[in-house]
4 protein chains.
Amino acid sequence: MSPSAGSRAAGAQRTRQSLLAAAAQVFVEQGVQAPIRDIAGRAGVGLGTVYRHFPSRAELVVAVYRHQVDECAQLAADLAGSPRPGEALERWMDAFVEFLVTKHGLGAALQSEDPGLQSLHSLMLDTLVPACASLLDAAAARGELDPDVTAYTLMRAVGNLCILGPGYDREHARAMVSRLLAGCRTTMPPDGPAAA
Amino acid sequence: MSPSAGSRAAGAQRTRQSLLAAAAQVFVEQGVQAPIRDIAGRAGVGLGTVYRHFPSRAELVVAVYRHQVDECAQLAADLAGSPRPGEALERWMDAFVEFLVTKHGLGAALQSEDPGLQSLHSLMLDTLVPACASLLDAAAARGELDPDVTAYTLMRAVGNLCILGPGYDREHARAMVSRLLAGCRTTMPPDGPAAA
Amino acid sequence: MSPSAGSRAAGAQRTRQSLLAAAAQVFVEQGVQAPIRDIAGRAGVGLGTVYRHFPSRAELVVAVYRHQVDECAQLAADLAGSPRPGEALERWMDAFVEFLVTKHGLGAALQSEDPGLQSLHSLMLDTLVPACASLLDAAAARGELDPDVTAYTLMRAVGNLCILGPGYDREHARAMVSRLLAGCRTTMPPDGPAAA
Amino acid sequence: MSPSAGSRAAGAQRTRQSLLAAAAQVFVEQGVQAPIRDIAGRAGVGLGTVYRHFPSRAELVVAVYRHQVDECAQLAADLAGSPRPGEALERWMDAFVEFLVTKHGLGAALQSEDPGLQSLHSLMLDTLVPACASLLDAAAARGELDPDVTAYTLMRAVGNLCILGPGYDREHARAMVSRLLAGCRTTMPPDGPAAA
DNA sequence: TATGAATGAGCATTCATTCAT
DNA sequence: GATGAATGAATGCTCATTCAT
């Protein structure tokens, strides 16, 4: 449009990045339900600016996590053809855990019943579940995983295991996820959960 | 004091029980962050009465769950001398999962950073961790469990696995807990988490 | 309940009356869309107190006007059997105009599209339209009024005529209502509005 | 100035016309209190452009209605010398009602106490009141109208009668205006409003 | 001139908490 | 002890208005 539209747009883009960074920080400290005002303050912008860029809280949450979700999905694609699918799955899970654990509050957000946050669920589901499923399938095809294990359920469980707290930090989460994966390698007894 | 001191105390006790029952219901429906007013209304008492009996929300939360926590601990004691410690552990975990899953919002409460809710952590720790630990030790002594598995971490993980949501219900939680336990039966590789 | 419940309830009742008085004043000055805060301030109570007594703005508006609406309906009942229905109608309309004109902002409120204010419409409709209709019917039966005139439409029109403004005060409104009534005494030409 | 000064001015004029058209539409849909942003969006221009052309909302409102007001005044001039002044008045009122009723929200705007909207009042007064007055005078001179009827008051009343709502549409408004006019044809009783 | 990003005042609403009766 | 009316801090959200480009 006008000659200066470019620099204005650039400024807006910078503001948007500030907001994403600020929101990421605040989400870690206070969770995804943190007051919008706090995010605005952290980013050094006005309240209205947050709403301009992200009309709803959910959009902000999604934007904050989208990049890393995409990276995670890409990693799955890269590991897809691995000759050792079991190992590939482990490596991917490491990355997934790292993502979840870094983003304090995401676990809780994933479990939120806020209908506006369904888009976050969708984001995870649409991108990560298929990504994870491909790795699970490959591992199952080699007999390195119980074929009854479902990508969605497993990711949900891993997501939960990554909700940290006092006395339960990143390393504990990693250990528990490792053991859960180990438990997914062997078929469960018939009276057990056939459709995990 | 007055002749009716006894009956007054009895009435207070009844009020307290009404409150515990009402709070348990409301916690299931709305989570532990439910408005205090709702609990008062459900119990049919005034708002001030809730505050008289339980000055802080945390105290109410703790009181609500204490009874079931004690039951859970008692079950552990009953199962303690079992000749098949691995099976005993499984049965106890079933009961623990049932407890967690029934109490919607408890999982989230356990993960809350509200310092006032630390007492809930303490309650769990002081009663259930030793109870669980005794079962773990027995199983480990028989070689039916990796001795590196810590009661606190395991319970924390199980607690997280019991946070339900859409597409992840009670049965999914049970399945995941089963697989986590299965993963705890075998020693993890040295580079893995040595102190789970 | 408790021995002091009476005096507390009395206090609450007094607060409620203060609120109604304050709201009536504020509505006159600022219209029915006035900030709730202003009403609270005028009444000398906290914001929450307004919400306790009147959870929605509409409930407050309705409460403010209900008493006078009832009085108006009662007057219609008193005038119902009058031997001179035309005159009775005029006297009632005078009272109705007085009511509308005194309550600045009510006219605008009646025309508001706010769905929450439908209850005010209903209040007017349910009580005043039948009251007015009985007077209209009586007048029509005596040939003192065009039977095509509908109570609802007439009241709506009168309500609009009572929206005051600079250069158009109470007396102007009265005059215009009188002329409108006069115009309702004779049948309109066939090409005109047959169903006013 | 610059060679393109002319075309720049022409562009500005076009922008102004877009704005007027867009505002007229939006006023019909949302009333004169519609967000400025909506008008800018409808016109396909930036927010600042609206403010450049119409620094205050009132100026925009006035500009939007000025053209039609002028048309209305012209019609009065055309009808001025009619041999049947009563009929001329009716025809003019029809056009006036059509104008008011088409412009949803104008009625309410006319009644607004916003001091900035006084200019709208002035516009109406300065152009339409004299126009209407000439028709009234002619009719009164023929004995077809009560000479006590004032142009301003009558127009104000008609304006109010044209505030539509559920159950009170254009036809109802026309009917009520007709009856009001009918009521203006006969002199009111002495105790009535002598200076309508 | 035109643009639209940024700002922040303003208002609605909720709910934890206090305290007089 | 019990009650619930009152309070106001906290927070969400909208939109008029300014101003740098």
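Every value quoted in this text rests on a predicted model; they were computed, and no experiment measured them. Basis for what follows: all heavy atoms, side chains included, without hydrogens, waters or symmetry-related copies. Numbers restart at 1 for each chain; the letters A, B, ... are given by sequence-line order, proteins then strands.
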**OP:** Test for a donor-acceptor pair under 3.5 Å between the base of E:dG10 and the side chain of C:Arg37, counting only N and O atoms.
**Re:** no
**OP:** To the nearest Å, give me how far apart CZ (A:Arg57) and P (F:dT14) are.
**Re:** 13 Å
Original post:
Can you check whether A:Thr49 has a side-chain N or O nearer than 4.0 Å to OP1 or OP2 of E:dT7?
Top reply: yes
Original post:
Just to confirm, is there a sub-4.0 Å distance from OP1 or OP2 of F:dA2 to any side-chain nitrogen or oxygen of B:Thr15?
Top reply: yes
Please table the atom pairs, donor to acceptor, closer than 3.5 Å between any side-chain atom in residues 34-42 of chain A and protein atoms at least two apart or in another chain.
from    : atom 1 : to      : atom 2 : distance (Å)
A:Asp38 : OD2    : A:Gln30 : NE2    : 2.9
A:Arg42 : NH1    : A:Gln25 : OE1    : 3.4
A:Arg42 : NH1    : A:Glu29 : OE2    : 3.2
A:Arg42 : NH2    : A:Glu29 : OE1    : 2.6
A:Arg42 : NH2    : A:Glu29 : OE2    : 3.3

Original post:
Does A:Leu123 offer a backbone N or O that forms a donor-acceptor pair with the side chain of A:Arg66 under 3.5 Å?
Top reply: no
Original post:
Which nucleotide in the set F:dA16, E:dA6, E:dT1 lies at the smallest distance from any side-chain heavy atom of D:Arg52?
Top reply: E:dT1
Original post:
Considering heavy-atom distances to DNA chain E, does B:Ile36 or C:Pro35 have its closest nucleotide positioned more toward the 5' end?
Top reply: C:Pro35
Subject >> Most 5' of A:Tyr51 and D:Pro55 on DNA chain F, judged by nearest nucleotide >> reply: A:Tyr51
Original post:
Hey, which of these two, D:Val45 or C:Gly48, hits DNA chain E nearer its 5' end, going by closest nucleotide?
Top reply: D:Val45
Subject >> Nearest-0.5 Å distance that lies between atom CG in D:Leu60 and atom OH in D:Tyr65 >> reply: 9.5 Å
**OP:** Starting at atom CZ of C:Phe54, determine the distance to atom C1' of E:dT13, rounded to an integer number of angstrom.
**Re:** 17 Å
Original post:
Given atom CD of C:Gln13 and atom P of F:dA6, what is their separation to the nearest angstrom?
Top reply: 10 Å
Original post:
Is the distance from OP1 or OP2 of E:dA2 to the nearest side-chain N or O of D:His53 less than 4.0 Å?
Top reply: yes
Original post:
Which heavy-atom pair separates B:Ser18 from B:Ala43 by the least distance, and what is that distance?
Top reply: O-CB, 3.9 Å
Original post:
Looking at side-chain heavy atoms only, is the closest gap between D:Arg57 and D:Gln33 below 4.5 Å?
Top reply: yes
**OP:** Scan C:Leu47 against the nucleic acid and name what it touches under 4.0 Å (heavy atoms): base, sugar-phosphate only, or nothing.
**Re:** base
Subject >> Smallest separation among heavy atoms of D:Ala63 and D:Arg16, with atom names >> reply: CB-NH2, 4.2 Å
Subject >> Protein-nucleotide distance (C:Leu19, atom CG; F:dA5, atom P), rounded to Å >> reply: 13 Å
**OP:** Mind calculating the distance between CD1 (A:Ile39) and P (E:dG8) to the nearest angstrom?
**Re:** 17 Å
Subject >> Separation of atom CG in C:Leu60 from atom P in E:dA12, rounded to whole Å >> reply: 11 Å
Subject >> Closest heavy-atom pair and its distance - B:Val32, B:Phe27 >> reply: CA-CD2, 3.7 Å
Original post:
Would a 4.5 Å heavy-atom cut-off, applied to side chains only, mark D:Leu20 and D:Phe54 as touching?
Top reply: yes
Subject >> Closest-nucleotide ordering on DNA chain F, the 5'-leading residue of C:Val50 and A:Ala34 >> reply: C:Val50
**OP:** Take atom CD of C:Gln17 and atom P of F:dA5, then tell me their distance rounded to the nearest Å.
**Re:** 15 Å
Subject >> Integer-rounded Å distance: F:dT14 P and D:Gln30 CD >> reply: 14 Å
Subject >> Pairing annotation in dot-bracket form, given for DNA chain F with Watson-Crick or G-U pairs under 3.5 Å and | for cross-strand partners >> reply: .||||||||||||||||||||
